[in-house]
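To start, the structure itself, in structure tokens.
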2 protein chains.
Amino acid sequence: MAAHDIDGIPHERWVAVSEVPLRQGSLRERKRAATIDEIKSVALGQLAADSGQMTLRGVAREVGMTVQSLYHYFPSRDDLITALVADAHNALADAVQAAGQASRTLAAGERFVQVALAYRQWAVDHRARFLLIYGTPVPGYEAPREGLTTSAARRLGATFSDVIFGDWTATETAGIRTPHEHARLTAALTTAVELVSPGLPPTAFGLGIELWGRIHGLVMLEILGHLPWLGPAAAGANYRSVILRTAAELEHIRRHGTNSG
Amino acid sequence: MAAHDIDGIPHERWVAVSEVPLRQGSLRERKRAATIDEIKSVALGQLAADSGQMTLRGVAREVGMTVQSLYHYFPSRDDLITALVADAHNALADAVQAAGQASRTLAAGERFVQVALAYRQWAVDHRARFLLIYGTPVPGYEAPREGLTTSAARRLGATFSDVIFGDWTATETAGIRTPHEHARLTAALTTAVELVSPGLPPTAFGLGIELWGRIHGLVMLEILGHLPWLGPAAAGANYRSVILRTAAELEHIRRHGTNSG
DNA sequence: CTGGATTGACTAACAGTGTTAGATAAAACT
DNA sequence: AGTTTTATCTAACACTGTTAGTCAATCCAG
């Protein structure tokens with residue numbers, strides 16, 4: 001909600017039209033939705049700022065109301081953070097899914113490269129939001145067990161499964177050999193794969209998790225400053241190198257079921 | 001500093017003898033060192049507790065003194081955290097280095113497996129400390145630029161370089177081909193490798209970072225609960241599988257300079 | 001169009017946080 | 001033995017998240 005009216009248009013109307021277009025509902029509902037959006041936006045801005053500290057009073061100050069009024073939109077600070085986490089998770093899933101869609105005419109190997117690059121790019125471009133998802137939980141905040149983020153996580157996993165194994169034959173995916181067999185691991189993967197990519201062999205799903213872990217680790221190390229020698233350009237080049245090597249390994253596994261020999 | 005004396009031995013002596021043995025210095029210095037150790041221990045305990053919240057007042061309460069007295073040992077909360085981070089980083093480097101030493105008679109491929117397993121095991125066993133090092137920086141805390149942690153980071157890097165390339169010939173390390181050449185990346189790696197493993201080719205160092213990223217990503221995903229389907233046993237088995245596949249890939253690269261074809 | 005219910009924003013207050021200032025006792029050193 | 005240094009204390013400040021209670025604006029049913 002902006003602090004001042006524009007062009008004499010009453011404040012509430014301008015907000016409603018510009019920020020929540022085409023959404024039906026009473027004026028109050030639209031105003032409320034707009035206010036919620038602005039609160040989240042301001043809170044995110046504070047998390048993304050240098051200090052990285054988000055404080056209810058600071059948000060209220062920036063939005064232009066008292067702290068206590070915030071409680072009419074979010075029951076507590078944790079609920080506000082939960083909303084930000086859910087939004088971030090969905091935005092990341094959107095970005096990765098979009099990359100998967102944009103590359104759907106390419107070969108599977110190249111699709112994986114594109115999606116992996118999109119994953120890092122989003123993390124670099126939205127560091128604070130990426131850390132909301134994958135960083136240390138903010139102190140005193142505990143994520144809801146089965147919340148809004150699970151669907152985003154599933155979309156992410158499904159996109160990865162799709163771009164990695166999309167054009168593999170059933171024989172190829174079934175031929176993937178796991179270096180270390182383990183009954184409990186197979187069981188866990190079998191139940192999990194049904195939620196993400198039904199029909200995919202558990203070993204393939206396990207390989208997908210492995211690839212996710214590879215790219216995730218480098219992204220985390222980079223955005224948290226543990227690769228201080230690498231500037232942004234070098235880190236990006238290093239990442240690309242890793243992705244390309246992984247894509248090559250994937251091709252090898254596709255043909256031989258394993259990378260050894 | 002314990003709350004009560006034991007066996008009639010005066011409190012300060014017992015603490016000094018049991019916690020800071022063999023350290024010369026005045027009684028006051030030894031008491032001070034012991035108090036610092038206990039403060040750090042209590043603070044770490046609070047970070048490792050369910051809530052994960054460390055508060056100066058809580059630490060003081062548990063140690064048995066007032067908040068303000070803590071300021072005679074640490075100038076600020078951030079300095080206490082800095083000490084914890086430095087200790088954690090060194091402890092991790094110790095554990096990894098010890099695994100490297102313990103496996104020094106094995107072949108390089110197997111050494112990498114052992115060290116990688118030790119990396120995860122330490123992270124799982126000391127979740128809070130691992131996150132102090134590699135998690136999101138605690139809000140309002142900014143790590144010192146070139147502090148006590150750089151030496152630990154170097155030791156970690158050196159250990160990884162050693163166990164990965166320790167028994168490779170110069171021809172083999174020089175033959176590593178990078179999928180994506182980039183001038184700035186090579187330059188960055190060239191300067192960085194001198195601090196960690198002087199003499200190692202930059203491309204080999206880059207491969208080492210890639211392997212670190214692989215294992216780091218899976219560990220982070222696991223301890224932050226992003227692989228909820230995998231219980232501890234399955235996560236460990238999955239990790240072992242990844243390590244073994246990577247070791248196989250390393251052997252392939254050693255022989256052919258690349259993993260493609 | 002009017003009256004009752006709902007909603008949004010407010011003031012005031014509480015318990016908790018990190019931090020600083022100043023006083024007082026004990027230990028260490030000369 | 002007297003002086004300095006150190007450790008601990010009490011008191012206070014500004015800040016945090018949160019709750020209670022008040023009042024005007026908005027919505028909705030008669």
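Chain letters run A, B, ... following the sequence lines, proteins first, then strands; residues in each count from 1. A quick note: this is a predicted structure, and the numbers were derived from the prediction, not measured.
- Residues forming a salt bridge (Lys or Arg N to Asp or Glu O under 4.0 Å) with B:R155 (at least two apart in sequence, or on another chain): B:D94.
- An OP1 or OP2 oxygen of D:dG17 is reached within less than 4.0 angstrom by a side-chain nitrogen or oxygen of A:T55.
- Distances from the side chain of A:Q68 to the nucleotides C:dA13, C:dT19, D:dT8 place C:dA13 closest.
- The separation between A:E38 atom CD and C:dA9 atom P is 11 Å, rounded to whole Å.
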Side chains of residues 216-235 of chain B: which donor-acceptor partners sit under 3.5 Å, not counting sequence neighbours?
unit_1, atom_1, unit_2, atom_2, d
B:H216, ND1, B:Y119, OH, 2.9
B:E222, OE1, B:R120, NE, 2.9
B:E222, OE2, B:R120, NH2, 2.9
B:H226, NE2, A:I133, O, 3.3

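- Distance, A:K31 NZ to C:dT7 C1': 10 Å, rounded to whole Å.
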Distances under 3.5 Å between nitrogen or oxygen atoms of protein and nucleotides 4-6 of chain D:
unit_1, atom_1, unit_2, atom_2, d
D:dT5, O2, B:R28, NH2, 3.4

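- Between the CD atom of B:E29 and the P atom of C:dA27 there is a distance of 16 Å, rounded to whole Å.
- Interatomic distance, OG of B:S51 versus CD of B:Q46, reported as 7.5 Å (0.5 Å rounding).
- Note on B:T66: every side-chain N or O is 4.0 Å or more away from OP1 and OP2 of D:dT8.
- Distances shown here put a side-chain N or O of B:R61 below 4.0 Å from the OP1 or OP2 atom of C:dT17.
- Across the protein-nucleic acid pair, A:L70 atom CG and C:dG8 atom P stand 13 Å apart, rounded to whole Å.
- Checked by distance alone, B:R57 brings a side-chain donor or acceptor within 3.5 Å of a matching partner on the base of C:dG18.
- Comparing D:dT18, D:dC9, D:dA7 against the side chain of B:Y73 picks out D:dA7 as the nearest.
- Residues satisfying the side chain to side chain contact (heavy atoms under 4.5 Å, CB included) criterion with B:A60, sequence neighbours excluded, are B:L70.
- Counting to the nearest Å, the C1' atom of C:dT20 and the CG atom of B:D79 are 15 Å from each other.
- The A:Y71 side chain lies nearest to D:dG17 when the options are C:dG18, D:dG17, D:dT8.
- Legend: residues meeting side chain to side chain contact (heavy atoms under 4.5 Å, CB included) with B:A99, ordered by chain and number and at least two apart, are B:V115, B:A118.
- Taking atom CZ of B:F74 as the reference point, atom P of C:dT20 lies 16 Å away to the nearest angstrom.
- The structure places CG of A:L132 at 11.0 Å from CZ of A:R127, a figure rounded to the nearest 0.5 Å.
- As a whole-Å value, the separation of B:D78 CG from C:dG18 C1' is 10 Å.
- Rounded to whole Å, atom C1' of D:dT18 lies 14 Å from atom CG of A:L80.
- When the side chain to side chain donor-acceptor pair (under 3.5 Å) test is applied to B:T55, no partner is found at least two apart in sequence or on another chain.
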